[in-house]
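Every value quoted in this text rests on a predicted model; they were computed, and no experiment measured them.
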Amino acid sequence: MDLQTLWFILITVLFSGFFFFEGFDYGVGILLPFISKADQERRIVINAIGPVWDGNEVWLLTAGGAMFAAFPNWYATMFSGFYLALFLILVALIARGVAFEFRSKDDHSGWRRLWDWAIFFGSAIPALLFGVAFANIVRGMAIDARMNYVGTFFDLLNPYALLGGLVTLTLFILHGALFLEMKTDGALRERVQAVIRVAWIPVLVCVLGFLAFSAVQTDMFATVTVVKFVALAIAVVALLSVIAAIRVKRFGLGFIGTGVAIIATVALLFSTIFPRVMPSSLGAAFDLTIYNASSSQYTLQVMTVVALTLVPIVLAYQAWSYWIFRKRLTTQSKLEY
Amino acid sequence: MDVLTLARLQFGVTTVYHFFFVPLTIGLAILVAMMQTFHVATGNEKFKRMTQFWGKLLLINFAMGVVTGIVQEFQFGMNWSEYSRFVGDIFGAPLAIEALLAFFIESTFLGLWIFGEEKLSKKVHLATIWLVAISSNLSAFWILVANSFMQNPVGYHIAASGRAEMTDFFALITNPNVWLQWPHVALGGLTTAGFFIAGVSAYRLLRSRKTSVEVRETFRMSMRLGLAAATVAVLGTMIFGDLQGQRMADTQPMKLASAEGLWNAESPAGLSMFQIGDEDARTSIINIRIPSLLSLLTFHTPGGQVLGLNDVQHLYEQQYGPGDYTPPAIWLTYWSFRAMVGSGMLMFLIGLVGLWLGRGKKVIARKWFLMALVGAIVLPYLANSTGWILTEMGRQPWIVQGLMRIDQALSPNVGVVDLLITLIGFTLVYGALAVADVYLLQKYARSGMSDGGNADAIAMANAAGKPDGLYLSGK
């Protein structure tokens, strides 16, 4: 395996980590205004992700940094190509991050309501737009000979990509609800369970629709590789087991199920485009691949040493942090946010 | 306005805004970690109250630095895609390492520090804030490795494809530029935090009639700690700044000449104190100078030739071909430099006076000095902002010194409308956030720790008109 392939896999891992971790805290943020009634409950919902949301978001920064370091042309094409979409995501992430810290530091009800909606939109917009973005990449974008996206913002809002956005949106809501189920108690927890009992339905509809649409709009099923087949099989089995777990009220298992489904879906999308990183709709000659987008061998070697040393350490202390905050939050808990 | 102007304006606005929060974060994290260390080591409750009070202000500030930092990472690809393609092989590495090595530690352990007080042992909880302090300063190192490549490219070659490629990672991280810039920035952060603590403490001491002796003593102690840290740090900042000036004469003579408003070479060169120049005619109209001082400052000997803007222009024309190699707004680099150095010297003076006056408890009665300290909070912010304006504007028209001009670096597929949307959007969002941030900071600075015991919670609850302390500490 060459270093370009290794780095393609590493970036797949980083985006998988991002969607797995930040996926549930987007879901929690989207549910916030609807699931909790009194202010105390809202604080419990926010505090459920309070200690970890920032660490989760660093997966995105790392994925972006890794793209820049390993595949500068991928980074340059993607970030300039998704210009306005990324602007919306940035505004959303800014509002959301500040909202967590600011919201409960003043108790005017207007102040708190404002930040609650910042958390909602700040979670919903990226949850939708990241799906739109990756669906567009898999579908192919108008990339010219100089590796620049020459389409418009509205070209990105095609039905296939929007469906991709709905897949991530609905999946993250379910993922977040399952996380919240494990962190809450009492009446709040019962309300979360009620959401879970119906939230899997739109996920299933969107995912099946997306897979069918992919057969027409992309070359996902044009060739069959072992990786694609395994990823697809795992995604489908995981989703079905989520439904089964919900029916027998094993919500922890359900959370693992949505997590596996998210990772398998990312793997399926990335293995569909491999060895391209951004297929061009203007002709295969203009495709960005892991070779024409990559850094030099030397830089890839340096970054390989760095990444293989640091990523396991990061995973270890993040796991420790989740272990420390494993308990359910109740009305008796000390709330910081 | 054209795309280039808008993209540069956006980078300037978002960077200066981001750097409003970063120095306080990296400095205050260290000082809060020290306060908590004193508490764990001595068991003195005063230090615990200090940790809580300043820790709360740290968190409000921290959030702003984090969210505005995301824009910085994305912006290179969004607005400067040609730049990203040209230097990505080199520039991306420190950014990725910054995220992997610093951001992960910073965010994870900050979460543990905020939420883990009752779940972790005292020592482990103390270790978490130290990890936050260290990693936030490490993050500064890695981003400055990236910036130093733009000021002084090392460890690279230009490949057949035309892009710059890394040939020596070790050279990149031992770039002499970064080992002057990083201490300068980190000590500047400590200076910022020191004056912030001293100024807020002075404010509280000015309106301390109603508070208990205990609280007053805590603020007096904070003020002393802040002043001590700031005085030492600002001296260090100036020393590293001076060393940078000497390097600038070698690696970026145009930046030095524009910082000094020096049009033609002089040996020995005089230091301009006040100048009104004519940038089109490339000459000065009014110029009040101290003879020989610039040579003395630059080379640490009274002699020595300092090149002027016209000389470097001539040199660069020979080296790089025809073109204008003079920064676009010399008045800006000239006055930025003076504002930075002037506030630095003023801060050092205030620090020394403060340390002298603050020996005993009588300092509380010296209202004029306390008021001066409140006003001095703006000085480090002025120095931080003007320092970066000088560093980045003085490098123009280069985006990477000697390798790529700024007008070659833009995203070719991003138009004026796109840039207007994002520039206006970021400005509005940042403006609104500044209002919310300042509101919260002043609220906590005014009413946190109003009395002993569970003061924080009680004070905040009272300020909010609520009888219980749910506000801060929950139940």
Side-chain angles (χ1 to χ4, degrees), chain A residues 47 50-52 54-55 57-58 61-62 64-70 72-73 75-81 83-84 86-87 90-91 93-95 97-98 100-102 104-107 146-150 295-296 298-299 302-303 306-307 310-311 314 317-318 321 324-325 332-336, chain B residues 59-60 62-64 66-68 70-71 73-74 76-78 81-82 84-85 88-93 95-101 103-104 107-108 110-112 114-116 118-120 159 165-167 169 411-414 418 421-422 425 429 433 436 440 443-444 464 466 471 473-475:
Chain A
N47 279 265
V52 294
D54 192 7
E57 196 159 291
V58 175
L61 294 179
T62 309
M67 279 171 79
F68 201 170
N73 284 324
Y75 167 81
T77 303
M78 183 164 150
F79 279 62
S80 61
Y83 194 81
L84 290 176
L86 282 174
F87 168 69
L90 282 172
V91 170
L93 294 182
I94 290 169
V98 171
F100 289 131
E101 195 61 60
F102 285 8
S104 297
K105 288 196 165 65
D106 189 301
D107 70 353
R146 294 189 56 211
M147 296 184 171
N148 289 310
Y149 173 66
V150 290
S295 281
S296 63
Y298 178 77
T299 297
V302 170
M303 289 310 298
V306 171
L310 291 177
V311 171
V314 170
Y317 62 66
Q318 284 210 334
S321 158
I324 295 290
F325 298 114
Q332 310 304 314
S333 303
K334 182 169 153 59
L335 302 174
E336 297 290 344
Chain B
L59 292 179
I60 295 169
F62 205 107
M64 295 288 286
V66 168
V67 297
T68 53
I70 314 173
V71 178
E73 195 201 48
F74 282 30
F76 295 112
M78 289 170 71
S81 69
E82 286 300 310
S84 303
R85 292 183 207 282
D89 196 81
I90 300 149
F91 197 83
L95 262 62
I97 297 173
E98 184 188 19
L100 266 173
L101 190 64
F103 290 162
F104 267 128
S107 57
T108 308
L110 189 71
L112 282 157
I114 303 172
F115 291 86
E118 290 174 353
K119 294 182 162 66
L120 302 168
E165 290 185 351
M166 196 197 300
T167 54
F169 179 69
S411 300
N413 53 345
V414 172
D418 293 322
I421 292 172
T422 53
V429 171
L433 285 188
L440 273 190
K443 173 180 161 158
Y444 274 79
K466 280 286 165 78
Y471 207 46
S473 58
K475 285 270 180 165

(Q) Please classify the contact of A/Met147 with chain B as side chain, backbone, both or neither, using a heavy-atom distance under 4.5 Å. (A) both
Q | Under 3.5 Å: donor-acceptor pair, side chain of A/Thr299, backbone of B/Asp89 | A | yes
Q: Examine whether an atom of B/Leu440 lies under 4.5 Å from a heavy atom of chain A, and if so say whether it belongs to the side chain, the backbone or both; otherwise answer neither.
A: side chain
Q | Closest heavy-atom pair and its distance - A/Gly55, B/Ser107 | A | CA-OG, 3.2 Å
Q. Does the pair A/Glu101 and B/Ile114 meet the rule for a side-chain contact (heavy atoms from CB on, under 4.5 Å), with working shown?
A. CA-CA 11 Å; A/Glu101 195 61 60; B/Ile114 303 172; 4.3 Å; yes
(Q) Determine whether B/Ile70 and A/Ile94 satisfy the following criterion, side-chain contact (heavy atoms from CB on, under 4.5 Å), listing intermediate values before the conclusion. (A) CA-CA 8 Å; B/Ile70 314 173; A/Ile94 290 169; 5.7 Å; no
**Q.** Interatomic distance, B/Leu95 atom CG to A/Thr62 atom OG1 [nearest 0.5 angstrom]
**A.** 10.5 Å
Q. In terms of heavy-atom proximity below 4.5 Å to chain B, should A/Ile324 be classed as side chain, backbone, both, or neither?
A. both
Q) Quick one: what part of B/Val414 sits under 4.5 Å from any heavy atom of chain A, side chain, backbone, both or neither? A) side chain
Q.
Heavy-atom pairs under 4.5 Å with chain A: which of B/Val429, B/Leu433, B/Asp418 has the most?
A. B/Asp418
**Q.** Stepwise side-chain contact (heavy atoms from CB on, under 4.5 Å) check, B/Met64 with A/Phe102
**A.** CA-CA 10 Å; B/Met64 295 288 286; A/Phe102 285 8; 4.0 Å; yes
Q: Select one option (side chain, backbone, both, neither) describing which atoms of A/Leu93 are under 4.5 Å from chain B's heavy atoms.
A: both
Q. When you look at A/Tyr75 and B/Phe76, which way does the side-chain contact (heavy atoms from CB on, under 4.5 Å) test go after all the steps?
A. CA-CA 9 Å; A/Tyr75 167 81; B/Phe76 295 112; 3.4 Å; yes
Q. Going by the angle between their ring planes, with limits at 30° and 60°, are B/Phe74 and A/Phe79 parallel, tilted or perpendicular?
A. perpendicular
Q) If every non-hydrogen atom of A/Lys105 is compared with every non-hydrogen atom of B/Lys443, which pair is closest and at what distance? A) O-NZ, 3.5 Å
Q: Give the minimum heavy-atom separation between B/Ala96 and A/Ala69, together with the two atoms involved.
A: CB-CB, 4.1 Å
Q: Considering only heavy atoms and a distance below 4.5 Å, find which of B/Gly116, B/Ala159, B/Ala436, B/Gly425 pairs most often with chain A.
A: B/Ala436
**Q.** Between A/Ser296, A/Ala307, A/Gly97, A/Pro72, the one whose heavy-atom pairs under 4.5 Å with chain B are most numerous
**A.** A/Ser296
Q | Interchain contact, B/Ser411 with chain A, by part (heavy-atom threshold 4.5 Å) | A | side chain
**Q.** Non-hydrogen side-chain atoms of A/Phe325 and B/Lys119 separated by less than 4.5 Å
**A.** yes
Q) When only pairs under 4.5 Å are counted, which of B/Val66, B/Ile421, B/Ile90 shares the most heavy-atom pairs with chain A? A) B/Ile421
Q) What part of A/Val314 gets closer than 4.5 Å to chain B, counting heavy atoms only: side chain, backbone, both or neither? A) side chain
Q. Given that the side chain runs from C-beta out, which part of B/Glu98 has a heavy atom under 4.5 Å from chain A: side chain, backbone, both or neither?
A. neither
Q) Which pair of heavy atoms, one from A/Asn148 and one from B/Ser81, lies closest together, and at what distance? A) OD1-OG, 4.2 Å
Q) Using non-hydrogen atoms only, which part of B/Glu73 is less than 4.5 Å away from chain A: side chain, backbone, both, or neither? A) both
Q: Identify the two heavy atoms, one from A/Gln318 and one from B/Phe104, that lie closest to each other, and give their separation to 0.1 Å.
A: NE2-CD2, 3.4 Å
Q.
Minimum heavy-atom separation for B/Leu112 and A/Ser321, please, with both atom names.
A. CD1-CB, 4.1 Å
Q) Taking B/Thr167, B/Leu110, B/Val71 one by one, which has the highest count of heavy-atom pairs under 4.5 Å against chain A? A) B/Thr167
Q) If we only count heavy atoms from C-beta on, is the B/Phe115 to A/Asn47 side-chain gap below 4.5 Å? A) yes
Q: Measure A/Val52 against the heavy atoms of chain B and call it side chain, backbone, both or neither at under 4.5 Å.
A: neither
Q.
Taking side chain as everything from C-beta outward and backbone as N, CA, C, O, which of these in A/Phe87 sits under 4.5 Å from a heavy atom of chain B? Side chain, backbone, both or neither.
A. both
